[in-house]
Amino acid sequence: MFHSEKESESNRRGSKHILDPQTRKAMGEQACRLALAVGYDSDGTVEFLVDKNKNFYFLEMNTRLQVEHPITEMITGVDIVHQMLRVAKNHKLLHEQKDIPVDGWAIECRVYAEDPYKSFGMPSIGRLSRYVEPTHLKNTRCDSGIMEGSDISIYYDPMICKLVTYGRDRTAAMDNMIQALDSYVIKGVTHTIPLLRDILTEERFVNGDISTNYLPEVFPVEFKGKVLSVKESQELTALACAIYLKDQQRCRAFQNQKRIPNVSSSINSWSLNIIINKARINAHASKLPDGYKIVTNSDVYEIKGNLSFTSPLMEVCLNGDQRLLQVHNRLGGGKYDLRYHGTVYPVKVMDDLAFNLSQYMLEKKVLDTSAMVLAPMPGLLKSVSVIAGDMVAENQEVCSRNNGNA
């Protein structure tokens, strides 16, 4: 569902908007005629497909509210669920169509417990070990039915939340959504936030150039996570250095022990090696009164702010600009999984001594699974079509799951 609320040039600039007031009005009239024709008198959703020439075609009608109804509520101020309950009690609607305003823009992201790196959304199961919704943000709405500690199982829809943001125009609504996704903390299951966040900054989507074939056109092979620009990669390097130094100083600090010197306070500069995507980056770091100064590739970054490991979300200031960062995992030995711009990146930070010694460490062998049949998701095994010793050919059925697929 698209809601083109304002037709001013400032809101339309840089975007292709299919749904103009005329098309919206024609759709509404056809939806009403359909409901009258079948004698339908409750809440419902009529869906249309629209082509590039703004011709629209009836797809289906759902005799209920759709998942996108919070969008309509945010731009109209009408509690649709309340109206639906009134109609069910034979009360009249409190509004007429001419009384319903359309004000601003709203956008919704369905946050699912799915792995976006597998077919854009293979279901994921597990327990939510950490869960914090971005409800502290202005113009943000979270419709969810789970909490920290909830289990996401194979038996129900894996949707975690309907995340909705509002803005005076499309750009503002999208900016608010990006901030909400960056502020959303979900640990314990794989989720779709990396894909959602990347789409919101993708050029075609930003320009409104979308279709039902959007995903395979933009990601022809598969989604691999956000590809960082050179600047973003350098920023992540600097942030990783600051997190490592904060971690090291925290480990070396002794509280309420006057007999033991605080060794962390006597060191003010460090030479560091950062490994991101198997690439090594050198950096020099020094301590500031309220943060760290990181120099890498002749670029200088001053990082200040909330570098606290007790909070799942770090709001830091990088050269005066705010950045949201999540330490997804602390693995020890300078290894961290950092969620930056929606995607989790494994990073490793070492001083010169540790890096030199690491060259003598044997790498863990990767298990060869080429001769194994692996299920992409959990399920009930119904039958096995082969026995030990049988020869199998490509595309031959080996076993079937509870959904009947081989």
Side-chain angles (χ1 to χ4, degrees), residues 1-25 27-28 45 47-48 50 54 65-81 100-112 116 132-144 159-186 191-212 214-215 218 226 313 315 321-324 339 341-343:
M1 295 177 64
F2 290 93
H3 295 266
S4 179
E5 282 65 53
K6 299 289 187 180
E7 294 306 317
S8 67
E9 188 62 31
S10 62
N11 289 342
R12 295 174 57 86
R13 185 173 59 246
S15 298
K16 299 177 181 178
H17 297 303
I18 289 293
L19 190 55
D20 54 35
Q22 294 75 24
T23 306
R24 183 201 299 274
K25 183 174 183 294
M27 282 183 174
T45 307
E47 296 186 12
F48 299 95
V50 186
K54 298 188 179 181
L65 287 179
Q66 284 286 72
V67 180
E68 297 85 3
H69 85 271
I71 300 176
T72 305
E73 291 189 340
M74 291 195 80
I75 63 173
T76 62
V78 177
D79 187 335
I80 302 177
V81 177
I100 299 176
V102 179
D103 183 24
W105 276 81
I107 186 169
E108 175 178 314
C109 283
R110 300 190 196 183
V111 180
Y112 272 83
V132 183
E133 295 178 345
T135 51
H136 62 285
L137 299 176
K138 187 179 179 181
N139 295 324
T140 301
R141 170 174 169 174
C142 296
D143 284 12
S144 66
M159 185 168 68
I160 294 175
C161 173
K162 295 178 291 185
L163 181 62
V164 187
T165 56
Y166 173 84
R168 296 306 306 168
D169 54 36
R170 182 172 183 264
T171 300
M174 290 171 60
D175 289 342
N176 290 338
M177 178 60 74
I178 291 171
Q179 185 181 18
L181 290 172
D182 285 343
S183 303
Y184 210 142
V185 180
I186 304 175
H191 51 78
T192 54
I193 285 180
L195 176 60
L196 296 170
R197 211 278 189 189
D198 199 42
I199 288 175
L200 284 164
T201 58
E202 193 274 323
E203 184 178 3
R204 276 188 54 180
F205 185 86
V206 171
N207 291 332
D209 182 16
I210 55 178
S211 72
T212 54
Y214 173 82
L215 282 179
V218 175
K226 178 177 175 58
L313 184 65
E315 298 184 35
D321 296 325
Q322 186 185 38
R323 294 290 184 270
L324 290 173
R339 202 179 109 187
H341 291 326
T343 296

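Please read these numbers as outputs of a predicted model, since none were measured by experiment.
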Notebook entry, point to check: Do the side chains of Val132 and Leu313 get nearer than 4.5 Å, heavy atoms only?
Noted result: no
Margin query: Within this structure, what is the CG-CG distance for the pair Leu196 and Leu163, rounded to the nearest 0.5 Å?
Written below: 8.5 Å
Margin query: To the closest 0.5 Å, what do you measure between CE (Met74) and CD1 (Ile107)?
Written below: 12.0 Å
Margin query: For the CG atom of Leu200 and the CE atom of Met174, what is their distance to the nearest 0.5 Å?
Written below: 5.5 Å
Next item on the list: May I have the step-by-step check of side chain to side chain contact (heavy atoms under 4.5 Å, CB included) for Val81 and Leu65, ending in yes or no?
Entry: CA-CA 8 Å; Val81 177; Leu65 287 179; 3.6 Å; yes
Item checked: Heavy-atom closest contact (Leu137 atom, Ala180 atom, distance) -> CD1-CA, 3.5 Å
Next item on the list: Could you tell me whether a side-chain N or O of Thr165 sits under 3.5 Å from a main-chain N or O of Thr140, the two making a donor and an acceptor?
Entry: no
Check: Between the main-chain N or O of Tyr166 and the side-chain N or O of Asn176, is there a donor-acceptor pair closer than 3.5 Å?
Finding: yes
Item checked: From CG (Leu181) to CZ (Arg197), nearest 0.5 Å -> 8.0 Å
Check: Any sub-3.5 Å donor-acceptor pair from Glu315's side-chain atoms to Gln322's backbone N or O?
Finding: no
Notebook entry, point to check: Would you say Arg24's side chain and Leu19's backbone share a donor-acceptor pair under 3.5 angstrom?
Noted result: no
Margin query: Quick one, Glu73 and Arg141 - any side-chain contact, counting heavy atoms below 4.5 Å?
Written below: yes
Item checked: Sub-4.5 Å side-chain heavy-atom contact between Arg168 and Trp105 -> no
Item checked: Glu108: side-chain hydrogen bond (donor to acceptor under 3.5 Å, both in side chains) partners, not counting sequence neighbours -> none
Notebook entry, point to check: Roughly how far, to the nearest 0.5 Å, is CG of Leu324 from OG of Ser183?
Noted result: 4.5 Å
Next item on the list: With rounding to the nearest 0.5 Å, note down the distance linking OG1 in Thr45 to CD in Glu68.
Entry: 8.0 Å
Check: Under the side chain to side chain contact (heavy atoms under 4.5 Å, CB included) criterion, do Val185 and Arg339 qualify, and how do the steps go?
Finding: CA-CA 10 Å; Val185 180; Arg339 202 179 109 187; 5.8 Å; no
Notebook entry, point to check: Is there a side-chain contact between Asp321 and Arg323 (heavy atoms, below 4.5 Å)?
Noted result: yes
Next item on the list: Could you walk me through whether Glu47 and Gln66 pass side chain to side chain contact (heavy atoms under 4.5 Å, CB included), step by step?
Entry: CA-CA 10 Å; Glu47 296 186 12; Gln66 284 286 72; 2.4 Å; yes
Notebook entry, point to check: Nearest heavy-atom pair of Thr76 and Thr72: which atoms, and what distance?
Noted result: OG1-O, 2.6 Å
Check: Closest heavy-atom contact between Gly342 and Asp182?
Finding: N-OD1, 3.7 Å
Notebook entry, point to check: Who are the side chain to side chain contact (heavy atoms under 4.5 Å, CB included) partners of Asp198, not counting sequence neighbours?
Noted result: Thr201, Phe219, Phe223, Lys226
Item checked: Side-chain (Thr192) to main-chain (Tyr112) donor-acceptor, under 3.5 angstrom -> yes
Item checked: Audit row: Glu202, Tyr214, side chain to side chain contact (heavy atoms under 4.5 Å, CB included) steps and yes/no -> CA-CA 11 Å; Glu202 193 274 323; Tyr214 173 82; 2.6 Å; yes
Check: Under 6.0 Å from the six-membered ring centre of Phe205 and within 45° of its axis: does the NZ or CZ of Arg170 meet both?
Finding: yes
